Amino acid sequence: MKELPKSYEPQKYEDAIYKRWEESGFFNPDNLSGEPFSILFPPPNVTGVLHLGHALENSLMDTMVRYQRMKGKKALLLPGTDHAAVATQAKVEKDLIKQGHLHPREEYGREKLLDIIREFAESSKATILNQIKKMGTSCDWSRLAYTFDDKRSLAVNIVFKKMYDHGLIYRGYRVVNWSVKGQSTCSDDELVHIERDAKMYTFKYSKDFPLVISSTRPETKLGDTAVAVNPKDERYQKYIGQTFVVDVGAQKPLNIKIIADDGVEVDFGTGALGVTPAHSAVDYEMYTKQKAQGTPIDLIPVIGIDGKMLAAAGDKYVGLTVVEARTKFVEWLKENDLLIKEEDVKQNVGTSDRFGDVVEALPLTQWFVDVNKIIPSKNKSLKDLMKEAVTVGHNGDTNQKIKITPERFEKVYLNWIGNLRDWCISRQIWWGHRVPVWYKGEEIYCDLKAPEGEGWSQDEDTLDTWFSSGLWTFSTLGWPDDLKDMNAYHPTSWMQMGYEIIFFWMARMILMTTYTVDAIPFKEVYIHGMLRDEHGKKFSKSANNGIDPLDAIKEYGCDALRLSLLSGISPGNDSAFYKEKIEGSRNFVNKLWNISRYVFLQIEKADKNILKPQVKTLSDKWILSKLETVKAETEKLLDRSDFSLAIENLRTFTWTDFADWYVEIAKVEGGKQEILNYLLNTILKLWHPFIPFVTEQIWQEIYEDEMLMITKWPKAEEMSDDISDDISEFEIVKNIVTGIRTLRADNKIEPAKKLDAMISAGVRLKLINDNSGIIKTLARLEVLEIAEQAQKSKTATSFVEGGVEVFVELAGAIDLDKEKERLQKEFELLTEYVNGLEKKLANEEFVKNAPPAVIEKERQKLVQAAEKLDKIESQL
RNA sequence: GGGCAGCUAGCUCAGUUGGUUAGAGCACCUCGUUUACACCGAGGGGGUCAGAGGUUCGAAUCCUCUGCUGCCCACCA
């Protein structure tokens, strides 16, 4: 066969291989047969280029889908991108501002700005799709989707209308999170809480007001309409229900009603809470409660959407920013001797994750998804649907239960649902799906298209980007028009995502999918952690520690990148990524290449269909049984999404067992063409899902027109008992050889003693096996030469008797007798324990008097211990 | 305030229902290399598994407490 170059240069092959895969048509499952298997791409935002986190996701998904494809499934990996409403608009506006267009929205107007954003998004999208190809990702490009294309927009409108008709989407005036900088609402989940220093002011509204309150936002007190106390608080009970009129400088004197609320803590501060219904979500809830009880309180907005004080705040404050107003109000408190205390405190405030400013709570008319309302005909709320999908299964069907890996995120998710409030879905930005609602005077019309007739105008707002992402698993599979893909691939088989979007995305997909198509969106979800640098820091622009995956691919190759990303990780936990790691992977890829290079040199004509190679020697038996084990383990681990451990096992097999031991022995024993061929075929297949390029390249170097990507996954076979005896014999040989090598390298040992020990080791080898070629091998490797020398010298006289002991003592590694002794000891101890337990369980008194649970437990212990005992016995 | 995770070799991390002498990669030391591979080979050093109790024949693994580190949630005004 032809000779391979000395080292693997990925840059020479990768693009051509990808092209060949793509042109083969096998990325498209329509060209495959078997059971369907599907993975949906978490669509990357079209806000920029892909980073290492995306590279990790690509590696995870592609490894899984290639594995399933080789297992003979119709494997679909469906790619897509996300228009990422607010993120994209914020990014484009930021760039425009940098270029000197300080007020992009005013300068360009809606249509023109949308054009600019669209242009950016399209070019970004093209970059991203190209990067996905560079990662070797085997996705079906014919099914490419975008959250903002026509098909997805149609799905959005249909779902909106359905929810609207069911009363699950409603328009209401409520306190929402408002980003002044972004001039838009944001949902509770889009808030990033940061801790900052603040001052807590303790004061009275007026001299004769009976209660003292505290606040870090005194300027909002210009809109207070109540003071809440705990109904059990004896100090204040007498005031509950009374109303006091105070003048704090607002436009009108305030009517402050003393109300009772269980949420107020008696021991916190003064135990009295100034209630500002217009500028606090909590206070707003009290306001609605009071209203429902028929004891309404006022609601006075004093802060506007521009972040400045409104007229209602009073002449002194109108037009000031909140910070200016705060200073002024505190001055006023001081002047009037109302300020009692001023102290420094740490405070958590919510900031907009996209615009970065501290979010104001404001009452506005917005669109909401009601998560508690009972859905007509289902007798359940959206919250209930979200819960049951991961607990009892959708509609109580355990086949429709989502498995989350690692499990702990299930609790996190359920806890989140517990705290969930109605989801504000309308945004005042322009880049996104327009709310499909039209108005004409008092009339409201919701449908897929504008109503007939004059005078209708569409709602100006757009939808939260997660509304459309929530539909992703089914909107990409032809819903609602063409259900062919839906029927085959939904619920999708496997999904992966970072833990940071569990609430944003996983939760919304579960909500939308169970509600709309009456099924779970995916059967399994694998949660991965975040990548960090070698110091545990996040990769970020500001820290300037970023690694561009494309650079890494250029330098080390895609396979090395993929392998390093999937090694040493565990689900849900962050992992460090650094140069040495990818270098190690690159070295492995090259090792695999060189193993192949060696095999190439050995075999004349390769055969890809060897099923059972002829076994001649102990070493053959050993390596083949190791291979069976690693086959079985790889399959088991991949089925469990344990990529890391699968790689570790495969690596040990390939490098240590195959290359370092077997190949070295094969060089001496000779005649191994068939086995080497078979071993190479098999490990190429096993490695292919992880490192597709190098394996495919080697495969095609051997078998030319064949494509590794669609070969059958090797199936593990059961090992018989007598083989396992041979295996342990070979392990002993290995240990002895290692012992000899260790001895040789040890210069502190007296030469005569060393010689004795090494010769005795040689004798031991002879005792173990004499007809398999092993001795010849090992002799060539280490011993024979020395043994010959020793026999010539006088020191060899006592080697048989004394040498064994010396060797054992010095090499330490392979004392079978000692090992037996240790096992014997453990066996005895366990036997005693088991006997004790049996006696106890046979004792009538004990059985009569002990609680059944205790007896059961003892029984279980007995079973366990007995099992262990059997195991030891078989080893003895 | 509530919850979750992590603390295992110099570094980054595995360790799946408790069970042989706790592992890997990288780094380090010694030796080797005209041999498939220096992106290499052989050997070696290095860990009382954060600490303290407890359960058990047996604990890195289970329980309790403590200490750091990080994350998430939350209406402490």
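Computed from a predicted structure; not experimentally measured. In the text below, chain A, chain B and the rest are named by the order of the sequence lines, each starting its count at 1. What you see below is based on every heavy atom in this structure, not just the backbone, and it leaves out hydrogens, waters and symmetry mates.
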Between B:G19 and B:C49, how many Å separate the two P atoms, rounded to a whole number? 16 Å
Think A:Lys667 forms a cation-pi with A:Tyr662, using NZ or CZ under 6.0 Å from the six-ring centre and within 45 degrees of its axis? no
To the nearest angstrom, how far is A:Leu637 atom CG from B:G15 atom C1'? 12 Å
Counterpart base for B:U21, defined by Watson-Crick or G-U wobble contacts under 3.5 Å: none
For B:U30, what is the paired nucleotide under Watson-Crick or G-U wobble rules, both distances under 3.5 Å? B:A42
Residue pair A:Glu195 / A:Asn348, side-chain donor-acceptor N/O under 3.5 Å: no
Whole-Å distance separating the CD atom of A:Glu828 from the C1' atom of B:G58: 16 Å
Do the side-chain N or O atoms of A:Ser7 get closer than 4.0 angstrom to the phosphate oxygens (OP1, OP2) of B:C39? no
So which protein N/O to nucleotides 71-77 of chain B N/O distances come out below 3.5 Å?
unit_1 : atom_1 : unit_2   : atom_2 : d
B:C73  : O2'    : A:Asn419 : ND2    : 3.2
B:A74  : N6     : A:Asn348 : ND2    : 2.8
B:A77  : O2'    : A:Ser214 : O      : 3.1
B:A77  : N6     : A:Glu265 : O      : 2.8
B:A77  : N6     : A:Phe268 : O      : 3.2
B:A77  : N1     : A:Glu265 : N      : 3.3

Ignoring hydrogens and angles, state whether a donor on the side chain of A:Asp188 or A:Asn177 is under 3.5 Å from an acceptor on the partner side chain. yes
Nearest-angstrom distance from the residue atom CD1 of A:Ile665 to C1' of B:G41: 15 Å
Once you apply the 3.5 Å cut-off to both distances, tell me the Watson-Crick or G-U wobble partner of B:U55, or none. none
Rounded interatomic separation in angstrom, taking CZ from A:Arg597 and C1' from B:C40: 13 Å
Distance check, C1' atoms only: B:A24 and B:C71, in whole angstrom units. 27 Å
How would you label the contact of A:Asp283 with the nucleic acid (heavy atoms, under 4.0 Å): base, sugar-phosphate, or nothing? nothing
Can you check whether A:Phe409 and A:Tyr526 have ring centres sitting under 6.0 Å from each other? no
Sugar-phosphate only, base, or nothing, as touched by A:Arg586 at under 4.0 Å among non-hydrogen atoms: base
I need the CG-C1' distance between A:Asp574 and B:A14, as an integer number of Å. 16 Å
Sugar-phosphate only, base, or nothing, as touched by A:Ala228 at under 4.0 Å among non-hydrogen atoms: nothing
What interatomic distance, in whole Å, is found between P of B:C11 and the corresponding atom of B:U56? 37 Å
Can you see which heavy atom on A:Ala606 is nearest to which on A:Ile702, and at what distance? CB-CG2, 3.2 Å
If we take the P atom in both B:C29 and B:G51, what is their distance in whole Å? 30 Å
Name the nucleic acid region contacted by A:Ala576, choosing base, sugar-phosphate or nothing; use a 4.0 angstrom heavy-atom cut-off, strictly under. sugar-phosphate
Would you mind reading off the distance between A:Glu195 atom CD and B:G70 atom P, rounded to a whole angstrom? 13 Å
Can a donor-acceptor pair under 3.5 Å be found between the side-chain atoms of A:Lys6 and the base atoms of B:C37? no
When you compare B:C28 with B:C72, how far apart are their P atoms, in angstrom units rounded to a whole number? 37 Å
Which nucleotide, if any, forms a Watson-Crick or G-U wobble pair with B:A77, using both distances under 3.5 Å? none
Identify, with sequence neighbours excluded, every residue that meets ring pair (Phe, Tyr, Trp, His ring centres under 6.0 Å) alongside A:Tyr556. none
Using the C1' atom on both, measure B:G70 against B:G53 and round to a whole Å. 27 Å
Check the angle between the aromatic planes of A:Phe690 and A:Trp687 and answer parallel, tilted or perpendicular using the 30° and 60° thresholds. perpendicular
Test side chain to side chain donor-acceptor pair (under 3.5 Å) applied to A:Asn649 and A:Thr652, step by step: CA-CA 5 Å; A:Asn649 285 334; A:Thr652 304; 5.6 Å; no
Separation of the P atoms in B:U69 and B:U17, to the nearest angstrom: 32 Å
What is the separation between atom CD on A:Glu633 and atom C1' on B:A14, rounded to the nearest whole Å? 14 Å
Quantified in whole Å, what is the C1' atom distance between nucleotide B:G47 and nucleotide B:U8? 7 Å
Closest-nucleotide ordering on RNA chain B, the 5'-leading residue of A:Lys411 and A:Val663: A:Lys411
Could you tell me the Watson-Crick or G-U partner of B:C7, where both distances fall under 3.5 Å? Say none if there is no partner. B:G67
Given 3.5 Å as the limit, does a donor-acceptor pair link the side chain of A:Ser280 with the main chain of A:Thr276, or not? no
Between A:Asp642 and A:Lys636, is there a salt bridge with N-O shorter than 4.0 Å? no
So what does A:Val834 hit on the nucleic acid, given a heavy-atom distance under 4.0 Å: a base, only sugar-phosphate, or nothing? nothing
Donor-acceptor pair between A:Thr831 and A:Glu828 side chains, under 3.5 angstrom: no
Do you know which two heavy atoms are closest between A:Leu4 and A:Arg597, and how far apart they sit? O-NE, 2.8 Å
Can you give me the N/O atom pairs linking the protein to nucleotides 24-26 of chain B at distances under 3.5 Å, or say none if there are none?
none

Proximal nucleotide (of B:C39, B:U16, B:A36) relative to the A:Ile595 side chain: B:A36
For a quick check of understanding: with a heavy-atom distance under 4.0 Å over all strands, which category does A:Ser567 fall into, base, sugar-phosphate or nothing? nothing
Quick one: A:Tyr833 OH to B:G18 P, roughly how many Å, whole number? 13 Å
